[in-house]
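Structure, as structure tokens:
Computed from a predicted model, the values in this text were never measured in an experiment.
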Amino acid sequence: MEEVKKEKNYQNMVYEIMDVQEMTYQDKSFDMVLDKSTLDALLCSDSPLVTVAKMMKEVYRVLKDDGVYFVVSYGQP
């Protein structure tokens with residue numbers, strides 16, 4: 001995991017870069033996962049069914065039981 005320089009106006013915010021298919025967060029760590037076109041990008045990969053399945057497994061692993069997965073997509077419903 002790589003930590004990115006913090007934006008000076010948001011001192012408490014931490015930016016991390018990692019593979020959405022193999023996240024290093026503990027199980028049930030988040031109340032919400034916000035996806036801004038990550039799903040869209042993976043659907044354009046060479047093996048979309050595999051990559052999207054891996055991503056979704058990880059998303060639901062890191063979400064708390066009552067957590068929300070919020071997707072912003074430009075794809076058709």
Side-chain angles (χ1 to χ4, degrees):
M1 173 175 55
E2 177 184 341
E3 189 169 323
V4 179
K5 182 180 171 187
K6 292 181 181 180
E7 173 63 38
K8 63 183 175 183
N9 295 327
Y10 299 99
Q11 293 299 316
N12 295 326
M13 190 172 283
V14 176
Y15 297 87
E16 297 176 332
I17 299 170
M18 68 181 72
D19 185 343
V20 71
Q21 298 172 76
E22 289 185 51
M23 294 186 275
T24 58
Y25 299 118
Q26 293 182 3
D27 294 357
K28 301 181 185 205
S29 297
F30 297 97
D31 295 312
M32 185 177 101
V33 171
L34 172 62
D35 175 351
K36 171 64 172 76
S37 298
T38 305
L39 182 61
D40 294 346
L42 292 180
L43 286 170
C44 296
S45 69
D46 291 334
S47 52
L49 295 179
V50 173
T51 56
V52 169
K54 287 180 180 179
M55 179 188 119
M56 296 309 297
K57 182 178 178 183
E58 281 293 279
V59 166
Y60 283 98
R61 181 185 67 76
V62 302
L63 268 177
K64 293 180 180 176
D65 290 336
D66 59 347
V68 174
Y69 175 51
F70 187 91
V71 181
V72 178
S73 172
Y74 289 102
Q76 295 182 10

Can you measure from CG (D31) to CG (D65) and round to the nearest 0.5 angstrom?
11.0 Å
Just to verify, what does Y69 make a side chain to side chain contact (heavy atoms under 4.5 Å, CB included) with, not counting sequence neighbours?
V33, D35, L39, M55, M56, V59, Y60, L63, V71
Any chance you could pull the hydrophobic cluster mates of M32, using side-chain heavy atoms under 4.5 angstrom and chaining through other members?
L34, V68, F70, V72
Contact summary for L43 and P48, nearest pair of heavy atoms
O-CB, 3.5 Å
Under the side-chain hydrogen bond (donor to acceptor under 3.5 Å, both in side chains) test, which residues partner S29, sequence neighbours left out?
none
Would you mind listing every salt bridge (Lys or Arg N to Asp or Glu O under 4.0 Å) that reaches into residues 36-59, with sequence neighbours excluded?
E58-R61
Tell me every residue that passes salt bridge (Lys or Arg N to Asp or Glu O under 4.0 Å) with D66, counting only those two or more places apart in sequence or in another chain.
none
Side chains of V62 and K28: closer than 4.5 Å at any heavy-atom pair?
no
